[in-house]
Each structure stands twice: as C-alpha cells, then as structure tokens.
Visitor: 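This is the structure I want to talk about, given as structure tokens.
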Amino acid sequence: MLDHLGSLKRTHDCGALRPENDGNRVTLLGWVAKRRDLGALIFIDVRDRYGVTQVLFNPEIAEDVHNKAKTLRSEFVIAVSGIVRKRDPKTVNAKLATGEIEIYADQLHILNTAATPPFPIEDNIENVGEELRLKYRFLDLRRPKLQNNFILRHKIALTVRNYLDQQNFLELETPMLTKSTPEGARDFLVPSRVQKGRFYALPQSPQIFKQLFMVSGFERYVQITRCFRDEDLRADRQPEFTQIDMEMSFVQREDVFAILEGMMTRIFQLVGEDIQGPFPQLSYAEAMNRYGSDKPDTRFGVMIEDFSEAARTCGFKVFSDTVSHNGVVKGLCAPGAAGKSRKDIETLETWLKKDFGISGLAWLKWGDEGFSGPILKFLGEELVSQLFAQAGGKQGDLLLLVAGPNERTCQALGALRLQLGKDLQLIDESKFAILWVVDFPLLELDAEAGRYVALHHPFTSPLDEDLEKLESNPGEVRAKAYDLVLNGFEIGGGSIRIHRRDVQSAMFKALGLSPEEAQEKFGFLLDALSFGAPPHGGIALGLDRITMILSGEKSLREVIAFPKTTSATCMMTESPSEVSVHQLLDLGIQVLRQG
RNA sequence: GGGGGCGUAGUUGAGUUGGUCACAAUGCCGGCCUGUCACGCCGGAGGUCGCGGGUUCAAGUCCCGUCGCUCCCGCCA
C-alpha cells in the first residue's frame, strides 16, 4: 500500500548534509538508488537531483519501519525522516559528498513503486545500447551525468541572457510557422488547413526576421530558439536544434567579435576555463590549405604541407604529371607513426579513396634503418629527406602524400589529419581551442545546378572592395562572413549583412534569381531594405554543440533532452507516425504510397 | 542515395573448421547475514540467437534478403 505525500516537506536535499548537521531531524525525498540488505541492517542510498545520501534502517530504532524498508527496491520513490548521525571514521565513504554522515531512519513513506529499470540508473553505462536509452529516455535522463549536462546547458543559456542583457540586447520572438525559401537546407513543411494546398515552413533560422528587427530599430536582438533542417543526421547534427541567434545594428565585424569573445569568456568560466579574447583568426583559404577544413581542430599540429614544387621535377611520374596538370602534391607528417603497418596504411587509403575520391595514398617511413616505402626508389634519399624536413618530421615519423586537384586533396588530407589525431592520440581532450575563420568566399559554383550559390546565405555582404566583382567575377568575391570554431566544430556562423536594396538585388541576380522570383520569394525583405535599413550584422551559435563540447560529450544526443535517432525518429514516442484519414482530409492531403 | 560496425537471457558480453543441454557476469526472485557503500554467501527463474528465406543429415555459426541502432561520405544557404 502506497503512502500519500500529504504535508511531508523535504528539509534537505540529498547532497546537502554534513557532519555539522549531526543530531538534526531531517526529511529526504528521492529515489532508491541502491539497497544493501544485511539482514538486521538495511542501507538505502537515496538519490535526488542534488546528490546521494545513505539512510540506515535498524530494527533497534524502529522495527516496523525496518520491516517496511525490506520491501524497497530500485527506483522506488520515498520520503524518509530520521536523525543525522556522523559516521564512525572507519565507515566514512570518501566517494560521496555526504559520505561522512548517514540518516538513522525512524519514518518511511513509500510514495511510489517502480518496475525494474531496463538499465541501471547510474553513470558509466556507456555500453548500454542507444536504442534502449532512447526508448526509456525518461530513465536515461535520471542519470547524474545527463542531469549535469542539462544543468550546464541551463547555465550557459542563463549566462548568455545575463551578459547580453547587460549589453543592451533585447530578447524578441519570431514565428515558427513561416515561409519556405528556395536556398539552403530542405525545409520541414506544415500544411495549412485554412489555405489548402499551401504550406508553412519551420524556420531553418530566424535570419530574415532578425534583420527586419534591425530595420525596425531594435538595434540589438537575441533569441535562444529552435531551428529545423530536414537533412540527414550526424553525431553533431539533429533535425531540430537550438541557436543563440543575435543581430546588431551599426556594427563592423570586429564589434561582433568583441561581444562574442566577452560572451564566450563567461561561458568558459562555467567549466572553470579562462579563455580570453581576442581569439585567433584564420582565413578560409589558409584553413583549407593548412588544415583541409573550414573548421580546423587546432588542439594539435600536423599541418598539411605543399610538396608540389619538389614533386614537379621528381622521378615519380604520378607526382610530376599531377603537378604539370595543375594539380598539387600535398601531405602531412604523422608523428611517431613509422610503426604503422602496410595494412594500416592501406585501410586509410581505401577509406580516403572511397569517401574523398583520391587516387592513392603514398607513404614514406623514417624508421630505425632510415627511409623506406614503395616510392623511395623514385624520389631518392635526398629528396625524401628534404620532404621530411619541410614537414618538420623526424625519425620515427610517417609521411603521407596525396596527389590530385587541390581542393579534393586538401579535403582528404584534412579528414586524414583528424583520423590520425584520434589514432595517435595527438589530441589533448582536456584542452579547448577556439578561433575565428574569416574571409569566406561569398559564392561557390554549384556544379549540379550550373550556377552560383551562397556559401553562407544570400543576405551576406560582400567585402566593400570586392563589390564590383559581383557581376564580373562572382567566384572571386569575398564575404563579410565568419565562423566561430571550437575543437574542430563549427559552433557559430554569421556575417555583416547587406543593408542596401540595390546590393541585395545584385546578390539575388548573381544567384540566378530573376527580379520576379526575387520579388516573390524575398519581396518583403527588399521592401524593408528600401525604408532606411541600418548597417547590421550578427551571428548564430549552436547551443547544443557548445554544451556538447563543454560537457565532454561526443554526441548531441547527450545534451538534447529528447533527441532523434540517425533515421530521424523518436524511439520513445515512435514519431513520426501515420495520421488518420480525417486529419489528412482536413488538410486536403493525399499520401502517395510506393509499390 | 552509398560505405563501415553492431544485433545471442532484463542488461552487457563470450560462443573454433557448421555437430551432446547456447555460456559468463550483472540484474531479477527466494533464503541467510548488525557496518555495508561494486556488501557477502546459498539457491532459483530467465532464450523465437533481430526478422524472413536458402544451403545442409545438421545453422547462433555459411549464403541471400530485410529491419533497427550507430559512425562516415553525399546532403547540411
């Protein structure tokens, strides 16, 4: 028979009691984390959000209560009252914050029973299947580790709001039911019942709305808001995610950086890190050439080296031919990796060939007996020694080389660099490395569509000095865009926006939109820009990713309360699900079935 | 859309070249136990080897298909 909560009140939480409380009468409310039944003595670890406290049931103190305690099982919800007792020094538990005391229980209320949980409610269950954890997410979330992740997430959001409030930002809301736009990610669509055959789109970001706030004269805007993108998932990508979305009027890039650096400093303080601005800046071009990525992980070295000049005249035809046909020969030096077997290297090569389309991975070892490798005989000792010197290599290292078109080669080496960083444990996981990546190209050629598309988004301002090239040489135009990169993750991106109608029209034209299309899709924005839009710019940060990195997690699922699986389903609610014919009729929608 | 990994008691894993009853730990149930905190000891229950098909005298094991989870490529203004 269950007991009622009645007027029972918690006097302390399960992380609070210390030896100073010796003799206090207390009431704890929480879950049975662990039961150790020694027969006459029963120890119960009671857990709540704040910690764990050991409770002792002794028949000599209260026999009926002791009998009742025999029925307790894992995850029962209880209220226990009793006296705090300092433990004998021999029985102190140093692993618990409350380990110097225990409660001598004289009252026990069982508020609810619990079925045996499918997995233990404790940390270090990393090998429990993801499927189970997601199906019983409400239990998974009971684990202290996840609770701490969400406490950190809350503190980050709170820090952001407090800091930006001090900086005169206003938190303003934008619609969730909005308009589908042609550029960018695939939209999640919401059918309109009132306007059959028409659809809202869930926002990919509040981009245009926040710009309109600037036109409205709010000057500084922030919103911590959900965004939706219907694309395939990754460990660091969920279809719905939370942005810290910001916009400011009358600012240049450096003003945005200063605000953000101040904000990140405060966020890092939450995990005891002292990271001060200004953050390092790296151009997009340099990031790609040296790290093979626009979001380089700068926690470790191993830079991509350009060996094209040496390769141009070398005796290895694959290399010299590639260079003479406008290709490059680039590579990187894996420290201490000379011990890698031919098979290890072939595994890497197979992967890079398949995923990045390189034609081969050449290698040179500097082992105990000097240089070795299949291409050594073509290059010669002297040249190989020179290559190692250029890459800063030493005895015991492995030089890996790729020949091919520059972009693809850099991309492949960038992926290889990260893999080696993991394999060779070159990354100090306790370290944080943050930087700005700047000077992105404004546009890139979409080979499929046969036209230019915005690398960032169509509202990004070109650099003032590149403005004239928008028509003559669109691919050369650089953008006032920037990304914030932490430990190899893009945690934010933004830009100074276009605030002039004529420039925005020119941009749409460069993207291949006719004036009519531009008017239909973005007419309201063009209108707004013609009514005195101030210069403005901003950024959006990924709250989920920041929380993931600061809590040391490898997946966004650990910091999103109810995340989706890789196939975009929710294991707990079993969404998405089919809906009734009536619901579809209301919306004027018919479902096509395959087969 | 493509590729890799995984799928065996509630859970986590083992299971050789196909061949007595599919094994262990943990959890669960029962018993004993007054200083445990990974409590201990004794006993017990617990299985459509993801699902479907095939090869074979015989399939957890080999083959084909399929589903789910996961990592990556494509995709993600």
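Side chains are part of it too, since the values below use all heavy atoms of this structure and drop only hydrogens, waters and symmetry mates. In the text below, chain A, chain B and the rest are named by the order of the sequence lines, each starting its count at 1.
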Visitor: Which one is paired to B:G30, where only Watson-Crick or G-U wobble pairs with both distances under 3.5 angstrom count?
Guide: B:C42
Visitor: Suppose we define a pair by two distances each less than 3.5 Å, Watson-Crick or G-U wobble; what does B:C76 pair with here?
Guide: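 Partner of B:C76: none.
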Visitor: Among A:Asp48, A:Leu29, A:Ile103, which residue satisfies the side-chain contact (heavy atoms from CB on, under 4.5 Å) criterion with A:Cys14?
Guide: A:Asp48
Visitor: Under 4.0 angstrom, heavy atoms only, what part of the nucleic acid is A:Ser205 near: base, sugar-phosphate, or nothing?
Guide: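 Base contact.
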Visitor: List the protein contact pattern of nucleotides 27-32 of chain B with one symbol per nucleotide (5' to 3'): B for base contact, S for sugar-phosphate-only contact, - for none; contact means a heavy-atom distance under 4.0 Å.
Guide: SSSS--
Visitor: Report the nucleotide, chosen from B:C76, B:C71, B:G35, that has the shortest atom-to-atom distance to any side-chain atom of A:Ala235.
Guide: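 Of the candidates, B:C71 comes closest.
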Visitor: Taking only the C1' atom of each, what is the distance from B:A14 to B:A24 in whole angstrom?
Guide: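 Approximately 7 Å lies between the C1' atom of B:A14 and that of B:A24.
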Visitor: Please tell me which of A:His457 and A:Lys554 maps to the more 5' nucleotide of RNA chain B, matching each residue to the nucleotide holding its nearest heavy atom.
Guide: A:Lys554
Visitor: Is any side-chain nitrogen or oxygen of A:Thr91 closer than 4.0 Å to OP1 or OP2 of B:C37?
Guide: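 For B:C37, OP1/OP2 do not have a side-chain N/O of A:Thr91 under 4.0 Å.
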Visitor: Is any side-chain N or O of A:Glu130 under 3.5 Å from a base N or O of B:G68, one able to act as donor and the other as acceptor?
Guide: no
Visitor: Specify the separation, in whole Å, of atom CD of A:Gln54 and atom P of B:U36.
Guide: 10 Å
Visitor: Any donor-acceptor pair under 3.5 Å between the side chain of A:Glu131 and the base of B:U70?
Guide: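 Per atom types, no contact qualifies.
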Visitor: Starting at atom CG of A:Asp88, determine the distance to atom P of B:G35, rounded to an integer number of angstrom.
Guide: 12 Å
Visitor: Give A:Leu132 one of three labels, base, sugar-phosphate or nothing, depending on what nucleic acid heavy atoms sit under 4.0 Å from its own.
Guide: sugar-phosphate
Visitor: Is a donor-acceptor contact shorter than 3.5 angstrom present between the side chain of A:Tyr136 and the base of B:G10?
Guide: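 No pair found.
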Visitor: Mind checking the P distance from B:C23 to B:C28? Whole angstroms is fine.
Guide: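 After rounding to an integer number of Å, I get 22 Å for this pair.
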Visitor: Please report the distance, rounded to the nearest Å, between CG in A:Asp232 and P in B:G74.
Guide: 12 Å
Visitor: Just N and O in the side chain of A:Arg133: are any of them under 4.0 Å from OP1 or OP2 of B:U70?
Guide: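 So the side-chain polar atoms of A:Arg133 never come under 4.0 Å of the phosphate oxygens OP1 or OP2 of B:U70.
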Visitor: Can you check whether A:Arg36 has a side-chain N or O nearer than 4.0 Å to OP1 or OP2 of B:C39?
Guide: yes
Visitor: Classify A:Tyr104 by what it touches in the nucleic acid, base, sugar-phosphate, or nothing, heavy-atom distance under 4.0 Å.
Guide: base
Visitor: Looking at every strand, decide which applies to A:Ile42 at a 4.0 Å heavy-atom threshold: base, sugar-phosphate, or nothing.
Guide: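 Nothing, no heavy atom under 4.0 Å.
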Visitor: For A:Phe43, answer base if it contacts any base atom (sugar-phosphate contacts may also be present), sugar-phosphate if it contacts only those atoms, and nothing otherwise; contact means non-hydrogen atoms under 4.0 Å.
Guide: base
Visitor: Rounding to the closest angstrom, what is the interatomic distance between B:U55 and B:U17 at atom P?
Guide: 24 Å
Visitor: Taking B:G60 as the reference, what is the distance to B:G15 when you measure between their C1' atoms (whole Å, please)?
Guide: 8 Å
Visitor: Can you find a donor-acceptor N/O pair under 3.5 angstrom joining the side chain of A:Arg237 to the base of B:C76?
Guide: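 Such a pair is found, so the answer is yes.
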Visitor: Pairing check on B:A59: which nucleotide meets the Watson-Crick or G-U wobble criteria with it, both distances under 3.5 Å?
Guide: none
Visitor: Go through the side-chain N and O atoms of A:Glu558 and A:Ser551 and say whether any donor and acceptor fall under 3.5 Å apart.
Guide: no
Visitor: How far, in whole Å, is B:G47 from B:G7 if one measures between their C1' atoms?
Guide: 15 Å
Visitor: Between atom CG in A:Leu455 and atom C1' in B:C76, what is the gap in whole Å?
Guide: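 Whole-Å distance recorded here is 12 Å.
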Visitor: Whole angstroms only, please: what is the CZ-C1' distance between A:Arg234 and B:G74?
Guide: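 Spelled out: CZ on A:Arg234 to C1' on B:G74 is 8 Å.
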Visitor: Is it the case that the side chains of A:Tyr291 and A:Asp297 hold a donor-acceptor pair, with the cut-off being a distance below 3.5 Å and no angle test?
Guide: no
Visitor: Is a salt bridge present between A:Lys34 and A:Glu122, judged by a nitrogen-to-oxygen distance below 4.0 Å?
Guide: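 A salt bridge is absent here (no side-chain N lies under 4.0 Å from a carboxylate O).
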Visitor: Taking N and O atoms by type only, does the side chain of A:Asp355 place a donor or acceptor under 3.5 Å from a partner on the base of B:G3?
Guide: no
Visitor: With a 4.0 Å cutoff (strictly under), does any side-chain N or O of A:Lys95 reach OP1 or OP2 of B:A38?
Guide: yes
Visitor: When you compare B:C63 with B:A25, how far apart are their P atoms, in angstrom units rounded to a whole number?
Guide: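 About 32 Å, rounded to a whole number of Å.
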Visitor: Select base, sugar-phosphate, or nothing to describe what A:Gln411 touches, counting heavy atoms under 4.0 Å on all strands.
Guide: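 Sugar-phosphate contact only - A:Gln411 comes under 4.0 Å of backbone atoms but never of a base.
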Visitor: Parallel, tilted or perpendicular: which fits the ring planes of A:Phe459 and A:Phe508, with parallel below 30° and perpendicular above 60°?
Guide: perpendicular
Visitor: For A:Phe188 and B:C75, what is the distance between atoms CZ and C1' respectively, to the nearest whole Å?
Guide: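 The answer, rounded to whole Å, is 13 Å.
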Visitor: How long is the line joining CG of A:Leu134 and P of B:C69, in whole Å?
Guide: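 Rounded to whole Å, this separation is 9 Å.
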Visitor: I'd like to know if A:Arg557 reaches the base of B:C69 with its side chain such that a donor and an acceptor end up less than 3.5 angstrom apart.
Guide: no
Visitor: With side-chain contact (heavy atoms from CB on, under 4.5 Å) as the criterion, how do A:Trp436 and A:Leu484 come out once you've worked through the C-alpha distance, each side chain's angles and the decisive distance to 0.1 Å?
Guide: CA-CA 5 Å; A:Trp436 295 105; A:Leu484 187 57; 3.8 Å; yes
Visitor: If you measure from CG on A:Asp544 to CD1 on A:Ile491, what distance do you get to the nearest 0.5 Å?
Guide: 12.0 Å
Visitor: Is it true that a side-chain atom of A:Arg417 and a backbone atom of A:Gly292 form a donor plus acceptor pair closer than 3.5 Å?
Guide: no
Visitor: At less than 4.0 Å, is any side-chain N or O atom of A:Gln204 found next to OP1 or OP2 of B:C75? Yes or no.
Guide: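 Checking B:C75 against A:Gln204, no side-chain N or O comes under 4.0 Å of OP1 or OP2.
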Visitor: Considering only the P atoms, how many Å lie between B:C33 and B:A22, rounded to the nearest integer?
Guide: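 It works out to 37 Å between them.
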Visitor: In whole angstroms, how far is the C1' atom of B:C73 from the CG atom of A:Asp236?
Guide: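 Computing the A:Asp236:CG to B:C73:C1' distance gives 14 Å.
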Visitor: Would you please name every residue forming a ring-ring contact (aromatic ring centres under 6.0 Å, His included) with A:His12, sequence neighbours left out?
Guide: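 Partners of A:His12 by the ring-ring contact (aromatic ring centres under 6.0 Å, His included) criterion come out as none, since no residue qualifies.
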Visitor: Could you give the distance separating B:A59 and B:G18 at their C1' atoms, to the nearest angstrom?
Guide: 6 Å
Visitor: Under 3.5 Å, is there a donor-acceptor pair linking the side chains of A:Gln411 and A:Glu407?
Guide: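 No, because no side-chain N or O of A:Gln411 sits under 3.5 Å from a partner of the opposite role on A:Glu407.
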Visitor: Quick one: is A:Thr566 getting a side-chain N or O under 4.0 Å of the B:C71 phosphate, OP1 or OP2?
Guide: yes
Visitor: As a test of reading the structure: which of B:G35, B:C69, B:G10 is closest to the side chain of A:Met571, going by heavy atoms?
Guide: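 Nucleotide nearest to A:Met571's side chain: B:C69.
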Visitor: Please give the nucleotide sitting opposite B:U66 as a Watson-Crick or G-U wobble pair, both distances under 3.5 Å, or none.
Guide: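 Paired with B:G50.
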Visitor: Return yes if some donor-acceptor pair links the side-chain N/O of A:Asp106 with the main-chain N/O of A:Ala62 below 3.5 Å, else return no.
Guide: no
Visitor: Look through every strand shown and name the nucleotide pairing with B:U20 as Watson-Crick or G-U wobble, where both distances are under 3.5 Å.
Guide: none
Visitor: How do A:Thr569 and A:Leu233 order along RNA chain B: which one's closest nucleotide is nearer the 5' end?
Guide: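 Nearest nucleotide further toward 5': that of A:Thr569.
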